[in-house]
Every structure is written in C-alpha cells, then in structure tokens.
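Okay, structure first, notes after.
Please read these numbers as outputs of a predicted model, since none were measured by experiment.
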Number of protein chains: 2
Amino acid sequence: MSTSGTRQAAAARLDATFAALADPTRRAILAKLASGEATVMELAAPFDLSQPAISKHLKVLERAGLISRGRDAQRRPCRLEGASLAEVTEWLERYRQFWDESFARLDDVLRDLKTEGE
Amino acid sequence: MSTSGTRQAAAARLDATFAALADPTRRAILAKLASGEATVMELAAPFDLSQPAISKHLKVLERAGLISRGRDAQRRPCRLEGASLAEVTEWLERYRQFWDESFARLDDVLRDLKTEGE
DNA sequence: AAGCTATATAGCCTGCGGGTTATGAACGGT
DNA sequence: ACCGTTCATAACCCGCAGGCTATATAGCTT
C-alpha cells in the first residue's frame, strides 16, 4: 500500500515534491527549517533574493507538502513537514538494492584508499 | 563527508537528480529499468510519446547519473545506476527524524483504522 | 488614526523544459 | 550494395518556473 490516495495522485505528489527539491534555494530553506521554525524574513536573510522570490519558494514548498505555516501576528512561521519526505523515502525503497550497491562500492573505494595510505 | 566533489558540485548534482525524478515518464522508465536493462524502443513502448521525446528523457536521466548506456549493435541498452539515488538517500538522511515521525503517525492511523474495524 | 513591519499578490520578462516533425547517422541483414 | 531498424540531432513551439518591481493586505505600535 502507498501512503495515501490513488496511484496517479501519488505520482502527482511525487512530481511536486521532487520538483520542489530540485532547487538549491529551497533545499537550503529546508535545511534551515530542520533546526526549527522560522519566519519568512529569517529564511530570506541568507539569500540575495527579493522577498517575493522567497515567498514564491515557500509557496512551492507548501504546495508540495514539505512545509506548513502558522500565524504569529503578522509573521507566518514555517515548519518542516515530514510526510512528503516520507513519500520520497518510500519511493526510494523500491531502488534500495541499487543504491545499496553504490554505497558498497563507495565503501570499497574508501577502504582501498585507506589501505594504499598504509 | 559527501559522496564526492565539492559542496556546490554536490548541490548541482542534486539539482539534476531531483529535476530528473520530477517527471512521471522518467520515473516510469526507472521503474522498468529496475528489472533489468532495456533498449530505447522497449522503454518507449508503453508511452504515447515520440521516440525523440524518449531519447530526450534518457539524456536527462543520463546527465543526472541515474542511468548509463552500453552498445549492442544499433541498440543503446540502458542500465539503472544507483550512485545518484545513493546521493539522494544520503541527503534524505539529514531529515530522517522528520520522516520517521511521519511514518510513526502513519502507523498510528493504520492501527486506529484496524482497531475500529474490530 | 497613522504609520511601521511582515507578508502576499499582481504584472512583467526571460529562460528552459518537454513536446513535436523532419532528418541524419550507425549498424545488421539479405 | 541496399534497405530496414534503431537511435540521435536539429529546429521549432508553447507553457511554466523563477526572477524582478510595485502594490496591496494584515496586524502591531503609538
């Protein structure tokens, strides 16, 4: 079973989620939110972007279910939501054997490098 | 440490990988490749798309490192490559606590539903 | 009530993604 | 040698993503 909804709805959600994650600004926003809630201003600070640009990014993240937003007077604090990331994880599981192999090969490389150094 | 390369190179690779995964046609291609190599014709068959469209998708997947291609006469068999998926997995790890929580909540929901049914 | 702060919306521009058709190139079969 | 098959490339179109500025909205503060 999938997390919820029909197959095509799940596909549409994955579309939105992967597309949202395909932007370094948005990933940086998520990284910051991983250490707690933040307002739009706080999230915008590190970037050389206009405030509306950040608001657009946040809207993309929200529509992808990656964040949710509260209210604190005129602030709209953002919080990271795990559900979409869970869906991505679930999707990835199907390919576990492939990236397991990759990790294994990586381990080999690292071990070899270490051995060479001795 | 990251899988390889500088931070911004890693970010660029994630950009390409997530963007590649943000398309249902391309995810379907990967799904088929999960059960073994396939030629362009074989991959194109299920879709109502022109052959060049599929070639474009394959190019996107290749540039994202998600597939590699061999040679068999005039065929260019495609094979799934796990390295990029491993990088995605690695990236996701940072947010594990969040999707773990989501999975936990999902489990709760499922358990509740089951209990109701008794 | 007026004004400042925080955020959203509208309108615009530009580039790129994803589709198409037409054509080219590589290789095998006969 | 020729033809058919497989795949790639070129040239084009359209829509949308992501940036901007300007403006509107919401809610404190005084």
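Atom CG in A:Leu49 sits roughly 14 Å away from atom C1' in D:dT21 (whole-Å rounding). Rounded to an integer number of Å, the gap from CE of A:Met41 to P of D:dG27 is 18 Å. As a whole-Å value, the separation of B:Lys56 NZ from D:dA10 P is 11 Å. Rounding to whole angstrom units, CG of residue A:Leu61 and C1' of D:dA17 are separated by 14 Å. Between the P atom of D:dC3 and the CD atom of B:Gln74 lies a distance of 17 Å, rounded to the nearest Å. For the pair A:Arg71 CZ and D:dA26 P, the computed distance is 9 Å after rounding to whole Å. In this structure, CG of A:Leu58 is placed 13 Å from P of D:dG18, rounded to the nearest angstrom. A:Phe18 places its CZ atom 18 Å from the P atom of D:dA17, with the value rounded to the nearest Å.
For the pair B:Gln51 and A:Gln51, nearest-nucleotide mapping onto DNA chain C gives the more 5' position to A:Gln51. DNA chain D is contacted by both B:Arg69 and A:Ala53; B:Arg69 maps to the nucleotide lying nearer its 5′ end (nearest heavy atom per residue). Sequence order on DNA chain D of the closest nucleotides to A:Ser50 and A:Asp72 puts A:Ser50 first from the 5' end.
The nucleotide whose nearest atom lies closest to any side-chain atom of B:Lys59 is, among D:dT9, D:dC7, D:dC28, D:dT9. With D:dC12, D:dG27, D:dA8 as the choices, the nucleotide that has an atom nearest any side-chain atom of B:Arg76 turns out to be D:dA8.
For the residue pair A:Gln51/A:Ser55, the side-chain donor-acceptor check at 3.5 Å is satisfied.
Scanning DNA chain C 5' to 3' for nucleotides with an atom closer than 4.0 angstrom to a non-hydrogen atom of chain A gives a first and last hit of C:dT5 to C:dT9.
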Give every donor-acceptor pair under 3.5 Å between a side-chain atom in residues 38-50 of chain B and any protein atom, sequence neighbours left out.
residue, atom, partner, partner atom, Å
B:Thr39, OG1, B:Glu42, N, 3.2
B:Glu42, OE1, B:Thr39, N, 2.9
B:Ser50, OG, B:Ala53, N, 3.4

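Note on B:Val60 and B:Leu80: separate hydrophobic clusters, where clusters join Ile, Leu, Val, Met, Phe, Trp and Tyr whose side-chain heavy atoms are under 4.5 Å apart, directly or indirectly.
Considering only side-chain N and O atoms, A:His57 lies nowhere under 4.0 angstrom from the phosphate OP1 or OP2 of D:dA17. At the phosphate of D:dA8, OP1 or OP2 sits under 4.0 Å from a side-chain N or O atom of B:Ser55. Using a 4.0 Å cut-off, no side-chain N or O of A:Arg75 falls inside it from OP1 or OP2 of D:dG27.
A salt bridge links B:Glu93 and B:Arg96; the closest N-O separation between the charged side-chain nitrogens and carboxylate oxygens is under 4.0 Å.
Across all strands, B:Thr39 comes closer than 4.0 Å only to sugar-phosphate atoms, never to a base (heavy-atom distances). Residue-level contact check: A:Ile54 touches neither bases nor backbone, having no heavy atom under 4.0 Å from any strand.
Contact of the A:Ile29 side chain with the A:His57 side chain is registered, since non-hydrogen atoms from C-beta on lie closer than 4.5 Å. At a threshold of 4.5 Å between non-hydrogen side-chain atoms, the residues B:Leu14 and A:Leu21 do not count as touching.
Ring planes of A:Phe18 and A:Trp91: perpendicular class, angle over 60° (limits at 30 and 60°).
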Stepwise side chain to side chain contact (heavy atoms under 4.5 Å, CB included) test for A:Leu61 and A:Arg26 = CA-CA 7 Å; A:Leu61 290 170; A:Arg26 287 193 289 262; 3.8 Å; yes
